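Working notes, structure below.
Sequence lines set the chain letters: A, B, ... in the order given, protein chains first and strands last, and positions in each chain run from 1. All heavy atoms count here, side chains included; hydrogens, waters and symmetry mates do not. Quantities reported herein were computed from a predicted structural model and do not represent experimental measurements.
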Amino acid sequence: MRLTKSFFERDVLEVAPDLLGKTLARRFDDGTKIKKVITEVEAYKGEEDLACHASHGKTERNKVMYETGGHVYVYFVYGMYWMLNIVTGKRDAPQAVLIRSLDGISGPGRVGKFLKLDKSFYREDVTKSNRIWLEDIPSLKKVRYKKSARVGVNYAGTWAKKNWRFILPS
DNA sequence: ACAAAGATCCGT
DNA sequence: CGGATCTTTGTA
């Protein structure tokens, strides 16, 4: 079953761990369809969170984070990687979940490459899109997961210490 | 206008 | 541990 708007409109700290064990589905232009279980995510929450891209207010790059949950936030880094995030929460509450790993695909850069993401996915709605969406596995109710500090955000001071990275044990 | 840094990955 | 490679951001 496809995850709906109400799933994504909750607080990012609830949505992020709930995404573990869920399925990410992607239909490519040639019609090929793939599904992978999400195994690692990170939460980025609000303008106060110095590790969050919204910490300097709304900009051309991050403006989709201010929209309602369920939108895709993709951005380009290090000259070669597209990072996949799912916006969560209500409008004007900038939050997003970074999809760091899928089953067999370790690292956010590789996830973007595997899914063949690009600028055109910016602001895609995963509750409606026919090329990227998320699905529940009804039989799987609860999963155990580990928490740790987020990766690559040491510049964020005390915010870097928050255990907002959620990992499914392999 | 421009320089610097970046929610990364890979090879050495 | 440094290079690749280029967009976004704040003004170094």
Side-chain angles (χ1 to χ4, degrees), chain A residues 3 7-24 26 34 36-90 92-126 132-134 145-170:
Chain A
L3 297 178
F7 178 91
F8 298 103
E9 287 194 320
R10 296 174 297 146
D11 188 272
V12 68
L13 294 180
E14 291 182 35
V15 178
D18 277 2
L19 280 174
L20 294 174
K22 298 291 191 291
T23 304
L24 181 64
R26 168 88 165 94
I34 54 165
K36 289 275 185 188
V37 173
I38 295 170
T39 55
E40 183 184 350
V41 299
E42 278 176 4
Y44 289 87
K45 179 180 161 107
E47 296 183 340
E48 327 75 55
D49 176 5
L50 294 181
C52 181
H53 283 175
S55 61
H56 297 293
K58 192 188 287 189
T59 66
E60 192 57 30
R61 176 173 71 161
N62 69 25
K63 61 184 180 186
V64 72
M65 294 181 89
Y66 289 76
E67 300 208 23
T68 55
H71 286 97
V72 170
Y73 170 37
V74 285
Y75 65 92
F76 194 63
V77 278
Y78 300 119
M80 53 185 103
Y81 300 113
W82 285 97
M83 301 297 197
L84 172 62
N85 298 252
I86 311 295
V87 175
T88 65
K90 306 292 186 186
D92 291 327
Q95 313 181 328
V97 178
L98 169 67
I99 309 296
R100 282 195 64 87
S101 300
L102 303 175
D103 182 31
I105 315 286
S106 298
R110 291 171 135 197
V111 167
K113 185 179 174 188
F114 175 74
L115 296 173
K116 295 189 170 66
L117 299 181
D118 58 48
K119 184 88 179 168
S120 75
F121 283 83
Y122 191 86
R123 209 177 175 287
E124 189 92 351
D125 186 340
V126 297
I132 187 166
W133 66 94
L134 291 111
Y145 59 86
K146 293 183 179 180
K147 293 193 289 186
S148 74
R150 292 173 294 181
V151 175
V153 297
N154 292 329
Y155 58 83
T158 65
W159 294 90
K161 298 194 175 69
K162 302 249 179 220
N163 289 328
W164 287 355
R165 178 190 186 196
F166 305 94
I167 310 165
L168 208 58
S170 51

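- Atoms CZ (A/F114) and P (B/dC9) sit 15 Å apart, rounded to a whole Å.
- One interatomic measurement links the two molecules: CE of A/M80 to C1' of B/dC9, which rounds to 7 Å at whole-angstrom precision.
- Pairing for B/dC9 goes to C/dG3, judged as Watson-Crick or G-U wobble with the two contacts each under 3.5 Å.
- Counting non-hydrogen atoms under 4.0 angstrom, A/R150 reaches nothing in the nucleic acid.
- Protein atom OH of A/Y122 is 12 Å distant from nucleotide atom C1' of C/dT8, rounded to whole Å.
- Residue A/F76 is in sugar-phosphate contact alone, with no base atom involved, counting any heavy-atom pair closer than 4.0 Å across all strands shown.
- For B/dA7, neither phosphate oxygen OP1 nor OP2 lies less than 4.0 angstrom from any side-chain nitrogen or oxygen of A/R165.
- Note on A/K119: every side-chain N or O is 4.0 Å or more away from OP1 and OP2 of C/dC6.
- Atom OH of A/Y81 is separated from atom P of B/dA5 by 20 Å (rounded to the nearest Å).
- Here, B/dG11 and C/dT7 have their C1' atoms 25 Å apart, quoted to the whole Å.
- Side-chain N or O atoms of A/R150 include one that pairs as donor or acceptor with a backbone N or O of A/W159 at under 3.5 Å.
- Listed nucleotides: C/dT9, B/dG6, B/dC9. Nearest to the side chain of A/Y155: B/dG6.
- For B/dC2 and C/dT5, the P atoms lie 23 Å apart once the distance is rounded to whole Å.
- Taking the C1' atom of each, C/dA12 and B/dG6 are spaced 15 Å apart, rounded to whole Å.
- Backbone-only engagement by A/M83 is indicated by non-hydrogen atom pairs under 4.0 Å involving sugar-phosphate atoms exclusively.
- A/H56 comes within 4.0 angstrom of sugar-phosphate atoms only, judged by non-hydrogen atoms across all strands, and of no base.
- Checking A/Y66 against A/E47 by side-chain atom types alone, a donor-acceptor pair falls below 3.5 Å.
- Across the protein-nucleic acid pair, A/Y78 atom OH and C/dT7 atom C1' stand 13 Å apart, rounded to whole Å.
- Between A/F76 and A/W82, the ring planes are tilted. Angles from 30° to 60° get that label.
- The CG-C1' distance, from A/L84 to B/dA7, rounds to 12 Å in whole Å.
- No donor-acceptor distance shorter than 3.5 angstrom exists from the side chain of A/N163 to the backbone of A/K147, with no hydrogens or angles considered.
- A/G79 comes within 4.0 angstrom of a base, heavy atoms only.
- One atom, CG of A/N154, and another, P of B/dT8, lie 10 Å apart when rounded to the nearest Å.
- Protein atom NZ of A/K113 is 16 Å distant from nucleotide atom P of B/dT8, rounded to whole Å.
- At least one side-chain nitrogen or oxygen of A/R61 sits closer than 4.0 Å to the OP1 or OP2 atom of C/dT9.
- A 4.5 Å side-chain heavy-atom check between A/L134 and A/F8 finds at least one atom pair inside the cut-off.
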Review point. Under the salt bridge (Lys or Arg N to Asp or Glu O under 4.0 Å) criterion, do A/D49 and A/K162 qualify, and how do the steps go?
Key: CA-CA 10 Å; A/D49 176 5; A/K162 302 249 179 220; over 6 Å; no
